[in-house]
There are 2 protein chains.
Amino acid sequence: MVTKVAGTIGARNPAVVRARVLAALGAIIERDGLARLGVNALAREAGCDKVLIYRYFGDLDGVCREFAQSRDFWWTLDDLVQGLDPAGLSRTRALQVLMRRHAAAIRSRPTTLAILAHELTERSTLAIALEEVRETRTLELFAWIGERFDLPAAVDLPAVSLLLGSAVNYLAARGRDVSVMGGVALRSDADWERILSAIDALIAGVVPPQ
Amino acid sequence: MVTKVAGTIGARNPAVVRARVLAALGAIIERDGLARLGVNALAREAGCDKVLIYRYFGDLDGVCREFAQSRDFWWTLDDLVQGLDPAGLSRTRALQVLMRRHAAAIRSRPTTLAILAHELTERSTLAIALEEVRETRTLELFAWIGERFDLPAAVDLPAVSLLLGSAVNYLAARGRDVSVMGGVALRSDADWERILSAIDALIAGVVPPQ
DNA sequence: AACCTTTGTCACCATACGGTGACATGTAGC
DNA sequence: GCTACATGTCACCGTATGGTGACAAAGGTT
């Protein structure tokens, strides 16, 4: 009897520990990046013994898999097209709005930005999860656009989207720790307005209002 | 006398060892990426004792500094504008050609691609070196363009360049280990022609021939 | 009460890392 | 010849990592 020495954090409740581990994973990714993620660091952050991680999740990859399922790394189609009336918008304006919403959605997800940054270096579990959701959502969006607007055959929509989307992803990830690039600031929303305006112009140039 | 046991690689020639270390650094970066770079790995790759690295370069960072000076991570202005006749080209075509040359120059430099990928994660010595040369060369190029073409005031050239350049950098880095993205292939030069054509169209849309 | 399972803790292993001190070896100057 | 120095080799330290086995406490079941 007696003792009850150690300050058990989970108080014999595995669900609490699991939740803490998952939360800690997010915290580490956002603060230090995926490169500094490890079982030891994760256990430290979660305030639990690393043995529990192995017991509950198998290994670090198991934690990542579960983490990926518990979060939405990407916008949904509804996020992007919500309240958007195809009849009241020119196709040009519609594409511009979609691109702006994409940028806003990405920039507001620090975890996603960290994964985007890391996937250029290593093909981790989280990178693969992000890749999958991104591909499916992108296809959904393309389908949605294709059903509502007809685009000039001359414009290669996938290629243009890939280009502008890549630029947004790259600059959003880069803007986390660099404030200015090529004479263009990346930090504040006001800075981003300049970039988004340029995107507007590029879209307007390549797909004129019908 | 006698013995001459160990297979001394540098044969008492520090210059040889130094050169081998620098070459090994490039090899590791291109093959494994900056994340897997370390003193031990570097010594292994160079086939020398790691003590020599500390003696000759101070530390790993010293090797990187010297490596950065010994290589050109970026195009020079001359690389890009060589043989380009401002009088014979529309401003549209000129910008398109410059962008294509930029892409070709980046894609042909595996070390640069590895650093570009890594700088999203960590601000390493090599990333800083790359950043500096990139900024200065970009300014040079902007000046060159400004002296020879007049651009519509409506178009924000820095922002547009940043956007398209970022996309090219991102896709080039990404194309190293992923073959298709958003339905667009990234591997071969033929795949890239599709991307470059889209860039042509975007440029043509935003800055019409004078 | 006695038992069994779950939960949490601790000690330990092998490995790799960055970094340093001590020593053997060859070469140049005198 | 001898000394002095630059060069190369090896052994070692402290620390961190991923991973595992053994054990103490708490509950529930019978």
Side-chain angles (χ1 to χ4, degrees), chain A residues 1-25 28-29 31-67 118 121-122 124-126, chain B residues 1-25 28-29 31-67 118 121-122 124-126:
Chain A
M1 70 291 263
V2 226
T3 57
K4 181 57 181 287
V5 206
T8 52
I9 57 107
R12 231 146 242 301
N13 187 346
V16 171
V17 175
R18 292 177 61 93
R20 288 181 68 118
V21 169
L22 290 173
L25 181 60
I28 291 180
I29 291 178
R31 173 164 32 86
D32 308 322
L34 270 166
R36 282 177 183 71
L37 177 62
V39 177
N40 293 306
L42 184 57
R44 255 196 312 273
E45 180 84 18
C48 74
D49 198 291
K50 64 176 170 180
V51 162
L52 301 184
I53 295 178
Y54 286 107
R55 272 226 270 270
Y56 294 152
F57 300 93
D59 61 0
L60 184 58
D61 229 58
V63 188
C64 290
R65 274 191 296 271
E66 197 156 322
F67 182 78
H118 194 68
T121 292
E122 197 173 344
S124 64
T125 300
L126 288 178
Chain B
M1 69 294 260
V2 227
T3 59
K4 181 55 180 292
V5 203
T8 52
I9 58 103
R12 237 148 236 301
N13 186 348
V16 171
V17 175
R18 293 176 60 94
R20 286 182 70 120
V21 169
L22 290 172
L25 181 60
I28 290 180
I29 290 178
R31 172 162 36 85
D32 307 322
L34 269 167
R36 282 177 182 68
L37 177 62
V39 177
N40 293 307
L42 184 57
R44 253 195 313 274
E45 179 84 19
C48 75
D49 197 293
K50 63 176 169 179
V51 159
L52 302 184
I53 295 178
Y54 287 108
R55 272 226 271 269
Y56 294 152
F57 299 93
D59 60 2
L60 185 58
D61 228 57
V63 188
C64 290
R65 276 191 294 272
E66 197 156 321
F67 182 76
H118 194 69
T121 292
E122 199 174 347
S124 64
T125 301
L126 289 178

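No experiment lies behind these values; they were computed from the predicted model shown.
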Rounded to whole angstroms, how far apart are [atom1] on [X] and [atom2] on [N]?
{"X": "A:Asp59", "N": "D:dT17", "atom1": "CG", "atom2": "C1'", "value": "15 Å"}
{"X": "A:Arg55", "N": "D:dT20", "atom1": "CZ", "atom2": "P", "value": "13 Å"}
{"X": "A:Ile53", "N": "D:dG18", "atom1": "CD1", "atom2": "P", "value": "10 Å"}
{"X": "B:Tyr56", "N": "D:dA6", "atom1": "OH", "atom2": "P", "value": "11 Å"}
{"X": "B:Asp49", "N": "D:dC12", "atom1": "CG", "atom2": "P", "value": "15 Å"}
{"X": "A:Leu60", "N": "D:dT20", "atom1": "CG", "atom2": "P", "value": "13 Å"}
{"X": "B:Asp61", "N": "C:dG18", "atom1": "CG", "atom2": "C1'", "value": "13 Å"}
{"X": "A:Arg18", "N": "C:dT6", "atom1": "CZ", "atom2": "P", "value": "15 Å"}

>> Rounded to the nearest 0.5 Å, what separates atom SG in A:Cys64 from atom CG in A:Asp59?
In response: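 Interatomic distance, A:Cys64 SG to A:Asp59 CG, rounded to 0.5 Å: 8.5 Å.
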> Hey, what do you get for OG1 (B:Thr121) to CG (A:Leu34), rounding to the nearest 0.5 Å?
Replying inline: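 Between atom OG1 of B:Thr121 and atom CG of A:Leu34 there are 8.0 Å.
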> Taking the side chain of A:Tyr54 as heavy atoms from C-beta outward, which of C:dG18, D:dG19, D:dC10 is closest to it?
Replying inline: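 Closest nucleotide among those given: D:dG19.
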>> Side chain of A:Lys50 only, heavy atoms from C-beta on: which candidate in D:dT9, D:dG19, D:dT20 is closest?
In response: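 Nearest to the side chain of A:Lys50 among the choices is D:dG19.
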> Backbone N or O of B:Tyr56 within a donor-acceptor pair of the B:Arg18 side chain at under 3.5 Å?
Replying inline: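 Checking the backbone N and O of B:Tyr56 against the side chain of B:Arg18, a donor-acceptor pair under 3.5 Å is found.
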>> Short of 4.0 Å, heavy atom to strand atom, which residues of residues 34-44 of chain B count as contacting DNA chain D?
In response: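 Heavy-atom contacts with DNA chain D come from no residue of residues 34-44 of chain B; none.
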Are any of the side-chain heavy atoms of [X] and [Y] separated by less than 4.5 Å?
{"X": "A:Leu37", "Y": "A:Asp32", "value": "no"}
{"X": "B:Leu22", "Y": "B:Phe57", "value": "yes"}
{"X": "B:His118", "Y": "B:Ser124", "value": "yes"}

